[in-house]
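See structure below.
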There are 2 protein chains.
Amino acid sequence: MNYSEAKYEMIQQWGVLGSSWGINKTEAQIHGLLMISPEPLSVEDIMEELKISRGNVSMSLRSLMDWGIVHKRFKLNERKEFFESEKDVWKLATKVAQERQKRELLPVIEMLTRIQNIKDPKATKEEVSEINTMSKALLKFANQSDKVLSKFSNADSSWFFSTLVKLIK
Amino acid sequence: MNYSEAKYEMIQQWGVLGSSWGINKTEAQIHGLLMISPEPLSVEDIMEELKISRGNVSMSLRSLMDWGIVHKRFKLNERKEFFESEKDVWKLATKVAQERQKRELLPVIEMLTRIQNIKDPKATKEEVSEINTMSKALLKFANQSDKVLSKFSNADSSWFFSTLVKLIK
DNA sequence: CTAAACTTTCAGAATAAAGTGAAACAAATT
DNA sequence: AATTTGTTTCACTTTATTCTGAAAGTTTAG
């Protein structure tokens with residue numbers, strides 16, 4: 001396998017992975033491209049490499065910057081803006097985890113908290129009992145997950161990996 | 001907040017969560033509905049409750065059964081089929097983790113393995129070096145994640161929570 | 001200040017995903 | 001074996017998401 005085949009594979013698969021993670025395909029591909037690029041790339045570079053429009057590249061870069069995994073960079077004596085990906089895999093993972101925690105876990109915890117301990121004479125005993133039992137169990141699980149994620153996000157990789165080694169033995 | 005408001009909230013929020021996890025909204029809502037239902041429900045029950053078509057309910061139930069989190073159930077002296085959700089939150093979480101590991105992590109590991117150690121005289125030294133460094137780092141991380149997930153999937157909840165307590169202290 | 005070079009935005013077009021409903025299929029009952 | 005009851009499929013419609021490209025906005029240099 002030569003370099004351009006490998007590059008193509010990487011970008012494509014990253015796109016597929018992104019899709020199943022709710023990140024759109026093009027965004028994920030741009031991220032994949034930046035990740036393996038030795039130099040920061042300009043909007044033009046990305047347009048050309050992935051054959052997508054200026055508007056799309058611009059929007060996607062903005063979104064990747066919102067995720068905190070792509071950064072603007074200026075080169076000396078160049079007006080143009082360049083973009084580079086976070087390359088530390090640990091930092092990438094924690095950034096993504098942090099964002100997902102914020103966007104997905106917190107709203108669920110908020111909802112589950114709101115519906116704790118329903119009492120309603122109009123509903124059957126079974127219905128009330130079931131929703132209370134489930135929402136309590138789910139909330140407990142969500143809170144545990146939240147704590148683990150917070151710990152994960154703030155930890156450094158060496159701590160985490162040494163813990164993992166113990167955990168998975 | 002009364003019972004039907006809570007039920008509505010739960011189903012809606014579960015739908016939103018599903019979407020951002022790549023599970024379609026309706027599927028997630030059906031799962032949410034089954035999760036808080038004290039009795040297994042029939043296709044008709046679900047159609048009526050969520051105002052969706054027979055075809056859609058049927059397809060969605062099939063997919064949820066593929067995930068392993070919804071099961072068919074027969075009631076005595078009833079020809080009709082009923083469906084119920086797995087209600088053990090721990091089992092739910094491990095099933096989902098298992099499926100995602102299989103659908104998402106394994107293909108990425110496969111790809112990263114294939115592109116290890118690219119050599120190509122036509123590409124620049126920097127390009128080759130960068131893709132090799134990144135793919136190696138990503139593969140290491142993916143393999144670690146795979147191990148953790150396997151451990152997680154096969155563990156029982158009591159082991160996991162006692163480990164967590166230590167981990168997050 | 002004006003022009004040139006570059007960047008961003010956004011309305012509408014294109015594409016993809018989800019949902020419908022009627023027809024085909026299957027099973028059980030008489 | 002015919003009818004009734006229930007289930008599944010799939011071509012088509014609807015809805016949602018993504019992408020384009022031209023216009024507006026910025027910045028820098030002369």
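Residue numbers start from 1 in every chain, and the chains themselves are labelled A, B, ... in the order their sequence lines are given, proteins ahead of strands. Worth knowing before you read on, the calculation uses all heavy atoms, side chains too, and leaves out hydrogens, waters and symmetry mates.
Picking from D/dT8, C/dT8, C/dA4 the nucleotide with the shortest atom distance to the side chain of A/R62 gives C/dT8.
Note: CZ (A/F74) to P (D/dT27) measures 10 Å, nearest angstrom. Counting to the nearest Å, the P atom of C/dA26 and the CD atom of B/E81 are 14 Å from each other. Here the C1' atom of nucleotide D/dT27 and the CZ atom of A/R79 are 5 Å apart, to the nearest Å. Spacing between atom CZ of A/F83 and atom P of C/dC6 amounts to 14 Å, rounded to whole angstrom units. As rounded to whole Å, 19 Å separates atom C1' of D/dG6 from atom CZ of B/R73. Distance NZ (B/K75) to P (D/dG6): 14 Å, rounded to an integer number of Å. At whole-Å resolution of the value, NZ in B/K80 and C1' in C/dA28 are 15 Å apart. Rounded to whole Å, the distance from CG on A/D66 to P on C/dT8 is 13 Å.
By the salt bridge (charged side-chain N to carboxylate O under 4.0 Å, His left out) test, B/K95 is found to be paired with no residue, residues two or more places apart in sequence or in another chain being considered.
Checked against the 6.0 Å centroid criterion, the rings of A/W159 and A/F152 do not qualify as a close aromatic pair.
Between the side chains of B/S150 and B/N154, not a single donor N or O lies within less than 3.5 Å of an accepting N or O.
Side-chain atoms of B/D146 never come within 3.5 Å of backbone atoms of B/Q101 as a donor-acceptor pair (strictly under, hydrogens ignored).
Within a 6.0 Å radius of CD in A/E48, no more than 12 heavy atoms belonging to other residues, nucleotides or ligands are found. Taking a 6.0 Å sphere around NZ of B/K87, one finds it holds more than 12 heavy atoms contributed by other residues, nucleotides or ligands. For CZ of B/R103, the number of neighbouring non-hydrogen atoms (other residues, nucleotides, ligands) closer than 6.0 Å is greater than 12. Taking a 6.0 Å sphere around NZ of A/K91, one finds it holds 12 or fewer heavy atoms contributed by other residues, nucleotides or ligands.
Between B/E27 and B/W14, every side-chain heavy-atom pair lies at or beyond the 4.5 Å cut-off.
Within residues 19-31 of chain A, the residues approached by DNA chain D to less than 4.0 Å at the level of any non-hydrogen atom are A/N24, A/T26, in residue-number order. Of the residues in residues 35-60 of chain B, those lying under 4.0 Å from DNA chain D by heavy-atom distance are B/R54, B/G55, B/S58, B/M59.
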